Every structure is written in C-alpha cells, then in structure tokens.
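Below is one structure, written out as structure tokens; the observations come after it.
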Protein chains: 2
Amino acid sequence: MKAKMTVKEIAKMAGVSPTAVSFVLNNKEGVSEKTRQRVENIIKATNYTPDKNARRLYFKKSFNICLAITKKSSPFADLFYLDVLKGVLQRGMEHGYNVMISEFPEQFPEGRNFSSSIAGGDTDGVIFFQDTPEQLLRYFDEQEIPYVLVDTHSQAGRHITVDTDCELSTFVATEKLIENGHRKIALLCSSFLPEFYLQVSSGFMRAVAGHGLSVSPSYLIRDAYNEKSAYELMKKFLEENRDDLPTAFFCAGDIYAIAAMNAAMEMGYRVPDDFSFIAMDDIIISQYVRPQLTTITYDKCAMGAQAIDLLVDLINHKPAQSVVIKSDRIIERESIRRLV
Amino acid sequence: MKAKMTVKEIAKMAGVSPTAVSFVLNNKEGVSEKTRQRVENIIKATNYTPDKNARRLYFKKSFNICLAITKKSSPFADLFYLDVLKGVLQRGMEHGYNVMISEFPEQFPEGRNFSSSIAGGDTDGVIFFQDTPEQLLRYFDEQEIPYVLVDTHSQAGRHITVDTDCELSTFVATEKLIENGHRKIALLCSSFLPEFYLQVSSGFMRAVAGHGLSVSPSYLIRDAYNEKSAYELMKKFLEENRDDLPTAFFCAGDIYAIAAMNAAMEMGYRVPDDFSFIAMDDIIISQYVRPQLTTITYDKCAMGAQAIDLLVDLINHKPAQSVVIKSDRIIERESIRRLV
DNA sequence: CTGTTAGCGCCTTCAT
DNA sequence: ATGAAGGCGCTAACAG
C-alpha cells in the first residue's frame, strides 16, 4: 500500500485548515466558494480520497455489509442466490458499502462465540438466505446488528424480509397447466418451511378449485427437501399411483422438477409426452436440462437490491417494511404438453 | 450496534493498565502470569473483542480482501468461480480477513478514478479471475496493492498466479479418447488467451503424436470464446467437414462441449453414438446435460485457498511463487463411446 | 468564515 | 512488570 495523502497535507497545500478540507469533502456549509474551489482542485490533482479506516473509527462503522450463507448450501441454492448476489453487489456499492460474504455452519457448537464465526465480528448489517438458525438471529438481535432475510418465508411480521409471493406463482403455474388441458395434476413440494407449504398449497388449491377440479390426497407430495429426496419421492409416487397417474406436475422449485423429471424418465416415461412439468425459480440449469423446463421466473437481481435498500434503512434507523416480490412471468420452454 | 467494551474498561475491571490488557490480547511478553490469567478471565466473561476499526486505523490495514470479477462474466464463468469462492472464503477467514466481492466493468472510461470502482477504495489485496484489463492491474501496481490472478493463463512470470496445467489435462483427456479407439479427433478451443491456446494445442498434439496419429488442420477449431460462438463454430465445422468427420472432440472447457453437443444433436447427430466428447472444468451443469459430459475435474476449492495463501504472503511482504494446479482426474460420464 | 483542538479505540515506545 | 503518553487520519465542536 502506497503512502497516502492526509487531510493535513491537502490543507497545507491549499493553504487552509484541515477543517476546511473536511467540509469540502463532506459537502458541508461553512466554507467560502473560492476556498472550496481551491481545495477541490488540489483534491482532484492529487487524486486524494480520505482514509476509510479513519472514518470507520470515527463513525464506528465498518461500511461492510455481510451476506451470510450456510456452509452446506446445495449448488442449487447457490445458483438461485448467485443472481441475487448481483443485485446486492451493485446496490451495496451505490450505498457506499462493501459487501462481504460469510459462510456459517448449519449447527453452532454450544456456547460458542459467534462473533468471530460470522463476518469477522464486524459488519454494519447482514443479509441472510434460506433457513437461518433462530439461534444466530437472536445473537444479532442482542448485538443490535440489523439484518434482513431473503427468500426465507418465515412467519410474517417477525423479521424484515424479502420474499416471493409463492401463492401467486403457484396459482399462475397451476392455471397454466389447466389451460393446457390438464385435469389431473399433482403437487411436489417441501414442507420444512411451514409458511412456504401453506402458501404453495393454497395457490395450488385455488387454481384447481377455480376450475371445479378436485385432487386426490395422494397427489400431494410434500416432503421433498432437496434434489435427492425429490427424486426418490417421485419414484415412490409413480409406483404407488401406477393405476391412476396424473398428467401433470407442479413443482415448488426447479430443483424438484429436475429431479422428478429424471426419476420419471428413468422409469421409462417420457416428458412431456406422458407427464407435463412446470416449476418456479428459473435457476440456470433449467435451460440446459432436457426437456428444457418451463418455469416461473423472478427478478432475483431486484430482490438483492431490495434487500440492500431495506438493510440500509435499518442501519440508518429508518423504518423498513418487508417486501414481497410478485411474479406471474412464465418462461415457456419444453416441459408442458398441450392435451387435446 | 450495541455499545462495546473498550480496553480501558477491561483494564479497570481487572485492576490493571490498558497496556497489560493489550499485551494479553496480542500474546506479548511483559506481563506476569497471574495478571494474564485475571485479564483473560475478564475477557472471557465479558466476551470482549478489540474494536476492529481501531486496529484498522492503527495498522493501516482494512483486513479486507477483495475478490474481483468482471461485471459481464457469463453464468458459466460464475459457476466455475463459485467453487473457488468456497476455498477463498474459508481460507480468508482463517487468516483473519473478510472477503468481499466486487464487480468491475469490462471497460473503464478514460481517465476514470478506479479507486471507488473496485473494492470501495480499500482492500489489502485482491484476487482477479479471468482476463483482467491490463489497465486495472497497472493501477493496483501503482497503488502497491498486491493481487493474485486465478485461472488467468497470463504470460509466465509477469504476475503471481494460480493456474491449471491445461497442457497436462488436455493430454490426459485426449489420451482417453485414443484409448477408447478414436483416431480422428478434433479440437475445440479458444485463442483469446494465447498462452492458453499454446498449452492446449501442445497437450493435444503430444497425445496425438504419441500414438502416431495425425490431425487435419481443419480439425483445429480455435476461435471459440463463449457458448454461442462455440455453438456456431461447431455447426460450421460439421457442414464444412461433412465428407470427413472426426469421431471425437476434445473441448477446452465444459462450456464449449455443451454448446458443441447441442449443435451436433440439433443437426441430427447422436452423442455419443456419432461423436464422443470430452472436456475440462467440470462445472455443475455438466452433470445435468444429456448425455452427461465426461470431463476433467479440478479441485477448485483448493485453487481458491491457494490464491489466498499467496495473497496473504504478498500482503506480508513475503516472497510468493505462482502455483499451477495439475489434474488428470477424469470424471467418467456418458459422452464417450468406445469404438470397437 | 477559518483555525485549533479533542477524541474515536487501539497499540507501542518510553519511563518508572 | 507496569503505567503514562503519543499517534494512526478523520471529523466536529468550539473558539477566534
């Protein structure tokens, strides 16, 4: 690191006091136009920027925002979050924050000191993804470090969150299936986030009921939690229901759809000839899989930007309100067959 | 942010001077064993950690390391770097650094001030991926901020780098094809990194020549630079060489192989029945594509960790030596057919 | 309108 | 072995 200029040196060069320089830097009142000009010229000429570490100390702020992900997150999850990261990065910079990434273990050892485990102990605020241990959240509550939860579908009102409206998305996707002539539709979902399951099944039922259709309870597959489990659940489902199969599946996540399609195809079924699939998330893999997956897309980058805006408000002790991202945008690819 | 303890308060509680506390914190000599004990107990009890911002100022270090990626990097590139990010994160933390991410534009406007464009102007060192504008590197040289280049295949010796040995990988992959009975093998590569092309073609030729095979110049497709261009190059190749087609392709990157397979299949060829494919990188998509791609894998996480080790040495003004990661590990999947 | 000064929390000589 | 003092670079109160 090269030796940098200081306010004092700039002041000396401009023949003014450090205060004047500071005022100019921070666009404050109390300095005559012509001194301001002179100082600004020197600043430009010397390419001076105030030392951030000194400001950190003075303001008791690190100007770092931390994006926390769980260590064992699946590649799929990473993929979804990769896009929101873009939004976080860009908006974070606009607000003058660095964004750092930090992994935290799924389980914290008892009585462990968290402070070093995440964010190296200094961050002005954090963004959490996925299911975050309640324990961790409480720690940040105690430290009075603000955070926002993204795509976490926690109970309404408990925290500041940026979530997707999965009721709506599920409804729209299911409608799409029905429009294409499907009458016997199954649902593949996870239930480990109760709120999430609630919304998905509600959207699903709303669409189905709206068309006077009914759905067999056995068509509700709800215990998926990752690719592998979805794959196995699907195989089991196809065997057990071999006498009365659906023609289409709504999957509450691309990951589940991809796994389920693989399971079906391995058992000799064809997609979309035998089964149609629609999902939601639009992760990058969905366009590389064959058949390409039709799915509902979200503006994930915007979600990241939103999260930062909220977090910055929180940091500045301004009121902030959870936001929900609505999307009915279907990316039509190859996994739906029109029934005549 | 909750009010934190200070050295002074700790000192008062322990009935010693701040200096003593500081010595204990930094494991320095000059404090009796029993005072050390007392102080340590207080520290534990109060969960005290020294204020990082104050240390930053004193040491003139931000304790931030920046991982810089180009703004327009393709999703594929992101995928490769996602894994090295894991290594960077973990090792960075071990060294006591935060790792922050920063995007930089492909092209910098003339005479622009870089300092705010990347890393918010304060980072102790940076890790670059991919092709990085020479201009940017020079800026960091001037600022005397150390950096290391990852997977960049720049000219040997000019910078500290962590690169893969693509000569070796190409050789091994090509051998694999030959072992499987292939005699007419084409090469799909990029040439925008001259050093990279040099190594790849050298490994390719070494394998081919080692078996007394020859290769038609028209089998050297070298101007791919992304998925789309690889796709188009492949289509063109298949048309132009329709009278004398190879039976196998080595592609210098999964991305190229995936695009090329798509091109071939769209033209009615079957993979691996008509053409076998092998590549190198092992990005996540390769296992979701059909047929699943056989490819050479790298320990990307280790690459990230390596890069951090090197960077930390540089930061501490210790000598550092570029490293090259060798890999001959083939992940066998479905894209190679054995010729009888 | 300008300059002097104190202090953010820590670390490290230098005396004691 | 311990305590006092100065300073890292910046900002903002307070005099002038």
Side-chain angles (χ1 to χ4, degrees), chain A residues 1-40 42-43 46-64 96 115-116 120-124 143, chain B residues 1-40 42-43 46-64 96 115-116 120-124 143:
Chain A
M1 190 66 187
K2 208 171 65 175
K4 283 191 57 173
M5 302 252 89
T6 72
V7 246
K8 279 184 185 162
E9 296 178 87
I10 299 289
K12 191 172 291 174
M13 290 174 72
V16 297
S17 78
T19 315
V21 177
S22 181
F23 279 0
V24 173
L25 281 170
N26 301 289
N27 286 315
K28 296 236 171 169
E29 305 282 310
V31 53
S32 69
E33 195 47 44
K34 76 176 221 269
T35 3
R36 161 159 276 139
Q37 275 306 329
R38 193 162 66 247
V39 172
E40 274 180 353
I42 306 266
I43 289 177
T46 57
N47 232 312
Y48 168 78
T49 48
D51 182 291
K52 209 160 180 179
N53 291 332
R55 315 191 61 175
R56 286 196 237 254
L57 178 56
Y58 181 81
F59 289 112
K60 298 188 187 181
K61 278 184 65 166
S62 63
F63 296 100
N64 287 164
S115 56
S116 62
D122 72 324
T123 177
D124 296 340
Q143 299 299 310
Chain B
M1 192 66 185
K2 207 170 66 174
K4 283 192 58 174
M5 303 251 87
T6 73
V7 246
K8 278 184 187 165
E9 296 177 86
I10 299 289
K12 192 172 292 175
M13 291 174 71
V16 299
S17 77
T19 314
V21 177
S22 181
F23 280 0
V24 172
L25 282 170
N26 301 289
N27 287 315
K28 296 240 170 167
E29 305 281 310
V31 54
S32 68
E33 194 47 45
K34 76 176 223 268
T35 5
R36 160 159 276 136
Q37 275 307 328
R38 193 162 67 247
V39 172
E40 273 179 353
I42 306 266
I43 289 177
T46 57
N47 233 311
Y48 167 78
T49 47
D51 181 291
K52 209 160 180 180
N53 291 331
R55 313 190 60 162
R56 286 197 238 254
L57 178 57
Y58 181 83
F59 289 111
K60 298 187 188 184
K61 277 185 66 167
S62 64
F63 296 100
N64 287 163
S115 55
S116 63
D122 70 324
T123 177
D124 297 340
Q143 299 300 309

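Lettering follows sequence order; numbering is per chain, from 1. Every value quoted in this text rests on a predicted model; they were computed, and no experiment measured them.
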* **Side chain to side chain, A:E9 and A:T6, heavy atoms closer than 4.5 Å** =>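 Side chain of A:E9 against side chain of A:T6, heavy atoms only: contact under 4.5 Å found.
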* Do B:L25 and B:I43 come close enough that some side-chain heavy atom pair is under 4.5 Å? ->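 The answer is yes, as the side chains (C-beta and beyond) meet within the 4.5 Å cut-off.
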NA contact type, [X], heavy-atom cut-off 4.0 Å: base, sugar-phosphate, or nothing?
| X | answer |
| --- | --- |
| A:N53 | nothing |
| A:S32 | sugar-phosphate |
| B:S22 | base |
| A:K28 | sugar-phosphate |

* Do you know the tightest heavy-atom contact between B:P50 and B:R55? ->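 For B:P50 and B:R55, the tightest heavy-atom pair comes out as CG-NH1, 3.9 Å.
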* Looking only at atom types and distance, does a side-chain atom of A:S22 sit under 3.5 Å from a main-chain N or O of A:P18, one as donor and one as acceptor? ->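 Such a contact is absent between A:S22 side chain and A:P18 backbone.
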* Asked: Hey, does the side chain of B:D124 reach the backbone of B:F63 with a donor-acceptor pair shorter than 3.5 angstrom?
  ->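 Pair found, side chain donor or acceptor close to backbone of B:F63.
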What's the [atom1]-[atom2] distance between [X] and [N], to the nearest Å?
| X | N | atom1 | atom2 | value |
| --- | --- | --- | --- | --- |
| B:E29 | C:dC11 | CD | C1' | 17 Å |
| B:K60 | C:dC11 | NZ | C1' | 14 Å |
| A:F23 | C:dG3 | CZ | C1' | 11 Å |

* Ignoring backbone atoms, test whether B:Y48 places a side-chain nitrogen or oxygen under 4.0 Å from the OP1 or OP2 oxygen of C:dC10. =>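 Checking B:Y48 against C:dC10: at least one side-chain N or O falls below 4.0 Å of OP1 or OP2.
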* Asked: Taking OP1 and OP2 of C:dC11, is either one under 4.0 Å from a side-chain nitrogen or oxygen of B:R55?
  ->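 Yes.
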* Asked: To the nearest 0.5 Å, what is the distance between NZ (A:K52) and NZ (A:K61)?
  ->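 Reported to 0.5 Å precision, the distance equals 10.0 Å.
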* Relative to the 5' end of DNA chain D, which residue comes earlier, B:Y58 or B:G15, by the nucleotide with the nearest heavy atom? ->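 Closest to the 5' end, via its nearest nucleotide, is B:G15.
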* Under the side-chain contact (heavy atoms from CB on, under 4.5 Å) criterion, do B:Y48 and B:V7 qualify, and how do the steps go? -> CA-CA 9 Å; B:Y48 167 78; B:V7 246; 3.9 Å; yes
* Asked: Counting side-chain heavy atoms from CB outward, which of C:dC11, C:dG3, C:dC10 is closest to A:V16?
  ->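 Ranking C:dC11, C:dG3, C:dC10 by closest atom to the A:V16 side chain puts C:dG3 first.
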* Asked: With respect to the side chain of B:L57, which nucleotide from C:dG9, C:dC1, C:dT12 is positioned closest?
  ->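 In terms of side-chain proximity for B:L57, the closest of C:dG9, C:dC1, C:dT12 is C:dG9.
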* **Contact boundaries on DNA chain D for chain A, cut-off under 4.0 Å to non-hydrogen atoms** =>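 The protein-touched segment is D:dG9 to D:dA13.
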* Asked: Between A:E33 and A:K8, which is nearer to the 5' end of DNA chain C once each is assigned its nearest nucleotide?
  ->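 Closest to the 5' end, via its nearest nucleotide, is A:E33.
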